[in-house]
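In this text the structure is predicted, and so the values were computed from the model without any measurement.
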Amino acid sequence: MTRLSWTKTTLRSLVAAGTLLAGVVPSQVAGQAEQLLERDAAATLELPAETNIGFARGSFIVAPIPFESPELDTGLALGGAYLFQADEGSSKSSIGLGGFRTKNDSRGVGGGANLSFSNNRWQATIFAADAEVLYDFFINSVPFPIEQSGQALRADLKYGFTPQISAGIGFQYLDTTVAPNFRFLNFLPPELQPDASLEIFKLGLLFDWDRRDDNFYPSTGTLVSASSFRGTMRDLDDRVYEKHVISAAGYRSIFGDGVIAGRVVGCAASDDAPFFDSCAIGPTDGFRGFPATEFLDNALFSVQAEYRGRLSKRLGYVVFGGAGSVAEDFSDALGGSYQLAGGLGARIRLSRKFPVDYAIDVSFAEDGAQLLYLSVGQRW
């Protein structure tokens with residue numbers, strides 16, 4: 001079974017352009033980043049920590065950001081984000097706006113905010129996007145080019161029972177159409193026809209147990225997250241589906257300013273889930289090594305590990321690896337055939353106040369394939 005998570009692939013590009021909400025999209029940027037960092041270098045990390053607290057003491061990031069993804073080819077995102085920490089006991093927040101266009105004519109605009117305040121008592125996320133993406137849907141390893149367009153909205157609200165434990169509700173909306181992107185064909189394969197035009201409403205429960213020392217660049221602590229969503233299609237009352245994802249990540253300082261990070265992810269989606277909202281190696285778990293269209297199914301299990309090192313205040317590097325499996329059900333994914341990949345990357349610090357990095361990663365899969373990932377922020 002082959003499926004694509006259009007929503008996460010597209011939203012990540014928009015997030016990198018303007019909001020930094022979900023973590024990730026982008027080498028030419030190195031020069032731009034160095035110029036920004038040179039301008040701010042005199043003040044970098046020299047101010048007392050308390051001067052960074054409060055909305056008015058945040059930091060702007062405004063720049064064109066080259067990016068690359070295995071699905072959408074190379075592209076350019078243009079946007080800006082304002083990063084701040086509302087109070088000493090809250091996680092860092094971001095507000096932004098941006099857009100992107102890629103070499104294969106995919107494009108989109110989006111904006112939103114990820115807010116934490118009142119000592120993490122309240123956490124809110126809102127994001128909206130309009131995009132058109134072109135990619136290949138694989139049928140028995142044969143690519144079929146398609147075009148998918150749509151408008152997406154996401155809104156989450158969580159209440160912190162303690163500074164580390166929070167739970168809440170989430171709402172997601174997607175109005176999308178899928179069409180062939182092939183000059184001589186005007187029809188979709190049977191696998192795609194049920195999802196050619198859908199308006200989806202999703203409601204779900206969210207849970208986080210966050211013991212990290214920083215939500216942008218954690219060096220110690222753990223994060224356990226879980227989500228459970230139920231989706232319904234307008235005008236298709238008999239078609240409903242569920243999707244459940246749980247992840248656990250841990251971080252530990254080592255060798256001075258180095259960090260060892262590890263993550264385990266499990267996912268299960270019901271049979272009626274549309275092909276773009278199932279469990280996928282890459283879109284679901286942040287795995288590097290395979291296109292988002294290659295390994296997708298009703299269930300997923302993956303493990304990843306990464307070493308994050310610093311060469312200076314502005315430059316860093318990572319070495320990563322992992323294994324992932326997809327199958328019709330979770331037990332088969334857990335005990336199934338695993339796909340292996342690893343790689344290395346560089347990090348360039350983009351802000352003098354907050355540890356946000358521009359990431360350049362190269363992955364190597366067991367079949368010899370190499371992929372380049374250019375993005376903003378850590379993968380997880």
Side-chain angles (χ1 to χ4, degrees), residues 8 11-12 15 18-24 47-61 80-97 110-128 152-173 201-230 243-253 259 261 263 265 286 351 353-356 376-378 380:
K8 289 192 177 180
L11 296 192
R12 280 178 174 167
V15 164
T19 69
L20 306 173
L21 297 180
V24 192
L47 297 174
E50 59 268 19
T51 63
N52 291 337
I53 304 300
F55 179 82
R57 298 183 182 276
S59 176
F60 279 104
I61 296 177
Y82 185 68
L83 315 178
F84 66 95
Q85 188 170 357
D87 53 73
E88 190 172 359
S90 293
S91 301
K92 297 177 178 65
S93 299
S94 60
I95 302 173
L97 186 69
N114 187 13
L115 307 174
S116 299
F117 45 93
S118 298
N119 292 314
N120 269 355
R121 184 66 66 185
W122 293 99
Q123 300 173 42
T125 297
I126 185 167
F127 185 78
L153 173 67
R154 170 190 170 189
D156 300 340
L157 181 63
K158 290 183 286 188
Y159 177 79
F161 298 95
T162 73
Q164 293 81 34
I165 298 177
S166 61
I169 58 175
F171 170 77
Q172 297 177 17
Y173 169 80
F201 300 85
K202 294 173 63 178
L203 285 174
L205 300 177
L206 308 169
F207 172 83
D208 282 335
W209 182 20
D210 190 350
R211 301 177 62 193
R212 300 172 298 172
D213 60 341
D214 189 276
N215 59 312
F216 283 171
Y217 191 90
S219 59
T220 61
T222 57
L223 171 63
V224 177
S225 297
S227 65
S228 178
F229 277 87
R230 181 180 177 87
K243 184 177 181 180
H244 315 283
V245 180
I246 185 169
S247 67
Y251 308 86
R252 182 174 181 178
S253 297
V259 178
R263 193 186 194 204
V265 178
S351 170
K353 289 186 177 182
F354 299 100
V356 177
V376 172
Q378 309 305 318
W380 37 270

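The two atoms that bring A86 and I53 nearest to each other are O-CG2, 4.1 Å, heavy atoms only. Considering every non-hydrogen atom in both R263 and A249, the closest pair reads CG-CB, 4.0 Å. In plain terms, the two heavy atoms of D208 and S225 that are nearest each other are OD1-OG, 2.6 Å. Across every non-hydrogen atom of V265 and S247, the tightest pair is CG2-CB, 3.8 Å. Of all heavy-atom pairs between A128 and L153, the closest is CB-CD1, 4.1 Å. The shortest non-hydrogen separation linking Q85 to S91 is CG-O, 4.3 Å.
The distance from the OG1 atom of T222 to the CZ atom of R252 is 13.0 Å, given to the nearest 0.5 Å. The distance from atom CZ of R121 to atom NZ of K158, rounded to the nearest 0.5 Å, is 14.5 Å. Note: N215 CG to K92 NZ = 6.0 Å, rounded to the nearest 0.5 Å. Atom-to-atom distance recorded for S227:OG and Q172:CD is 8.0 Å, nearest 0.5 angstrom.
Side-chain contact check for F127 versus N114: every heavy-atom pair is 4.5 Å or farther apart. L206 places a side-chain heavy atom less than 4.5 Å from the side chain of F229. Residues P355 and D214 have side chains in contact (heavy-atom distance under 4.5 Å, counting atoms from C-beta outward). The shortest distance between side-chain heavy atoms of D213 and Y251 does not fall below 4.5 Å. Side-chain contact check for R57 versus F84: every heavy-atom pair is 4.5 Å or farther apart. In this structure, N119 and D87 have side chains that are in contact, with non-hydrogen atoms separated by less than 4.5 Å. Side chains of I126 and L115 form no contact here, defined as non-hydrogen atoms less than 4.5 Å apart.
Side chain of Q378 to backbone of F216: no donor-acceptor contact under 3.5 angstrom is found. One N or O on the side chain of S93 and one on the backbone of S116 form a donor-acceptor pair closer than 3.5 Å. Under a 3.5 Å cut-off, the side chain of S90 and the backbone N or O of N120 do form a donor-acceptor pair. Between the S253 side chain and the S219 main chain, a donor and an acceptor come within less than 3.5 Å of each other.
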request  = Kindly indicate, with the supporting measurements, whether the criterion side-chain contact (heavy atoms from CB on, under 4.5 Å) is fulfilled by L203 and I169.
outcome  = CA-CA 7 Å; L203 285 174; I169 58 175; over 6 Å; no
Candidate pair Y217 and F354, rule ring pair (Phe, Tyr, Trp, His ring centres under 6.0 Å), full reasoning = CA-CA 9 Å; Y217 191 90; F354 299 100; over 10 Å; no
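Ring geometry, F201 versus Y173: the interplanar angle falls from 30° to 60°, so the pair is classed tilted. The aromatic rings of W122 and Y159 stand perpendicular to each other, their planes meeting at an angle above 60°, with 30° marking the opposite boundary.
Taking a 6.0 Å sphere around CZ of R212, one finds it holds more than 12 heavy atoms contributed by other residues, nucleotides or ligands.
Using a 4.0 Å cut-off between charged nitrogen and carboxylate oxygen, D156 and R154 count as a salt-bridge pair.
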